[in-house]
Amino acid sequence: MTVIDPETELAPLEFAHTPHLAPTTPERREQILAAPGFGENFTDHMVDICWSKTGGWHRPRVQPYGPITLDPAAAVLHYGQEIFEGIKAYRHADGTIHTFRPDQNAARLQRSARRMALPELPTPYFLQSLRELIAVDGAWVPSGEDQSLYLRPFMFAKEAFLGVRAAHKVGYYLIASPAGAYFHGGVKPVSIWLSEDYARAAGRGGTGAAKTGGNYAASLLPQAQAADRGCAQVVFLDPDGNVEELGGMNIVFVKRDGTLVTPASESILAGITRDSILQLAADRGHRVEQRPFSLQEWRDGVASGDIVEVFACGTAAVVTPIGGLKAAGFEDAQPIGPLALELRQHLTDIQYGRAEDTHGWLVRLDG
Ligand code: PLP
Ligand code: COI
């Protein structure tokens, strides 16, 4: 009997399963999980759901991980109609597997879809895709400290048509990759490069709030410039000189009076890590401000001692202190304090089941 969810009026998808005929051996998998790096190795399976304008979401499958065959005229290859998400699965000490605020990633994928004229994947289907993949590849969730299985849902225009309009055929996929620290040095403070020549996404009305590949493509040249200067990430400004975010993370400033300030802007990605960290800080009695924050206020605050910590946050990087800001005309050391790492500890304690999940953020994926 098919059970219809009364809230969404959706029946669960019925996934077809094609198991991998030659999956990774347990020995090789353990070798990978011992030092997973970031985004280098992938599990044995992937999820694939088709969408068409006439048929909606259909043909849900769990199949062996492998190349996707595309027509050379597939719209994504020409016009970049693509969106993605990033979310992690954590193994708890009792062996169970949990993820963190997946409803938020589902909602953000839907917002990205609206902006990029792609179909919205209903939240129950998003959650089901995570569960289906974990059901076959759960053994890939590592158990080492600060390790996780990074889940990468993505969607793109696969219709073979060169006319410039929203595609009538789309694919949603989910792949997974065991992950350790995103930055090579672990949680050591990183230096960041201020890009004064390039923006990551256009401001008002642009695509900055959508998690779409083009924003990341636009960040690659300034990111390479950052790397040339020994910086781990690039930070972007808006045309008015306000701080936006890093190439792949949000930024938070801590003031001497304990206030946390983070940029409010419609051209940045609304980070789920940032939202969670700000909530944990508010729970501890910190004031939290989301408002425009200029480069001038940043530099003046560091010079006067009014800013006592700066940190980056995101799913991949968790929380990473920023220890230096470099630009073409200056180099400012950034003050290091205890709060960033305390908040990181609290967040990861919740994610790994070591601290009480008072906000109901965890969702069990196995069983
Ligand atoms: N900003 C950008 C550009 C990102 O790519 C990310 C990572 O997903 C974030 C911010 C942080 O978002 P979240 O905390 O939801 O991972
Ligand atoms: C994430 O944290 O999930 C990101 O998207 C950042 C980067 C790896 C693209």
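In each ligand, atom 1 is the first atom listed, and ligand 1 is the first ligand listed.
- Salt-bridge annotation for Arg287 and Glu289: present, with a side-chain N of the basic residue lying under 4.0 Å from a carboxylate O of the acidic one.
- Put simply, part of Gly247 is less than 4.0 Å from ligand 1, judged by heavy atoms.
- The Gly271 neighbourhood of ligand 1 comprises atoms 11 (C), 12 (O), 13 (P), 14 (O), 15 (O), with distances under 4.0 Å to a heavy atom of that residue.
- Proximity to Ala316 (heavy-atom distance under 4.0 Å) selects the following atoms of ligand 2: 1 (C), 2 (O), 8 (C).
- Salt bridge present: Glu85 and Arg108 bring a charged side-chain N and a carboxylate O closer than 4.0 Å.
- The residue from Tyr173, Tyr216, Phe126, Phe84 that alone fulfils the ring pair (Phe, Tyr, Trp, His ring centres under 6.0 Å) condition with Phe154 is Tyr173.
- In terms of N/O distances under 3.5 Å, ligand 2 is not approached by Gly86.
- The heavy atom nearest to atom 15 (O) of ligand 1, considering only Gln233, Arg200, Arg108, is found in Arg108.
- Gly248 O, 3.5 Å is the protein heavy atom nearest to atom 6 (C) of ligand 2.
- A salt bridge links Glu159 and Arg165; the closest N-O separation between the charged side-chain nitrogens and carboxylate oxygens is under 4.0 Å.
- Less than 6.0 angstrom separates the ring centroid of Phe253 from the ring centroid of Trp298.
- One option in Arg101, Glu244, Lys88, Glu245 has a heavy atom closer to atom 2 (C) of ligand 1 than any other, and that option is Glu245.
- If you number the atoms of ligand 2 from 1 as listed, the ones under 4.0 Å from a heavy atom of Thr315 come out as 2 (O), 3 (O).
- Taking any N or O of Arg274, backbone or side chain, none lies under 3.5 Å from an N or O belonging to ligand 1.
- The part of Lys211 lying near ligand 2 is the side chain, judged by heavy-atom distances below 4.0 Å.
- In terms of modelled atom types and a separation under 3.5 Å, the side chain of His20 and the main chain of Ala22 share a donor-acceptor contact.
- Counting the atoms of ligand 1 from 1 in the order shown, those under 4.0 Å from a heavy atom of Tyr216 are 2 (C), 3 (C), 4 (C), 5 (O).
- For ligand 1, the polar-atom distance check against Gly86 finds no nitrogen or oxygen pair separated by under 3.5 Å.
- Ion pair Glu309/Arg256 not flagged as a salt bridge, since none of the NZ, NE, NH1 or NH2 atoms sits closer than 4.0 Å to an Asp/Glu carboxylate oxygen.
- For Glu85, the closest heavy-atom approach to ligand 1 does not fall below 4.0 Å.
- For ligand 1, the atoms closer than 4.0 angstrom to any heavy atom of Gly314 are 11 (C), 14 (O), 16 (O).
- Here Arg299 pairs with Asp332 in a salt bridge; the nearest charged N to carboxylate O distance falls below 4.0 Å.
- Ligand 1 has an N or O atom lying under 3.5 Å from an N or O atom of Lys211, backbone or side chain.
- Taking 4.5 Å as the limit, some side-chain heavy atom of Ile251 sits within range of a side-chain heavy atom of Ile192.
- For atom 8 (C) of ligand 2, the closest heavy atom belonging to the protein is Tyr182 CE1, 3.7 Å.
- Classification of Glu245 and Arg200 as a salt-bridged pair holds, one side-chain N sitting under 4.0 Å from a carboxylate O.
- Contacts of Asn242 classified as side-chain hydrogen bond (donor to acceptor under 3.5 Å, both in side chains), with partners at least two apart in sequence or in another chain: Asp238.
- Residues Arg101 and Asp275 are paired through a salt bridge, judged by an N-O separation under 4.0 Å between the basic side chain and the carboxylate.
- Nearest residue to atom 13 (P) of ligand 1 from Ile272, Asn250, Asn105 is Ile272 (criterion: closest heavy atom).
- Checked against a 3.5 angstrom limit, the closest N/O atoms of Tyr150 and ligand 2 fall inside it.
- Close contacts of ligand 1 with Met249, meaning ligand atoms under 4.0 Å from a residue heavy atom, involve 1 (N), 2 (C), 4 (C), 9 (C), 10 (C).
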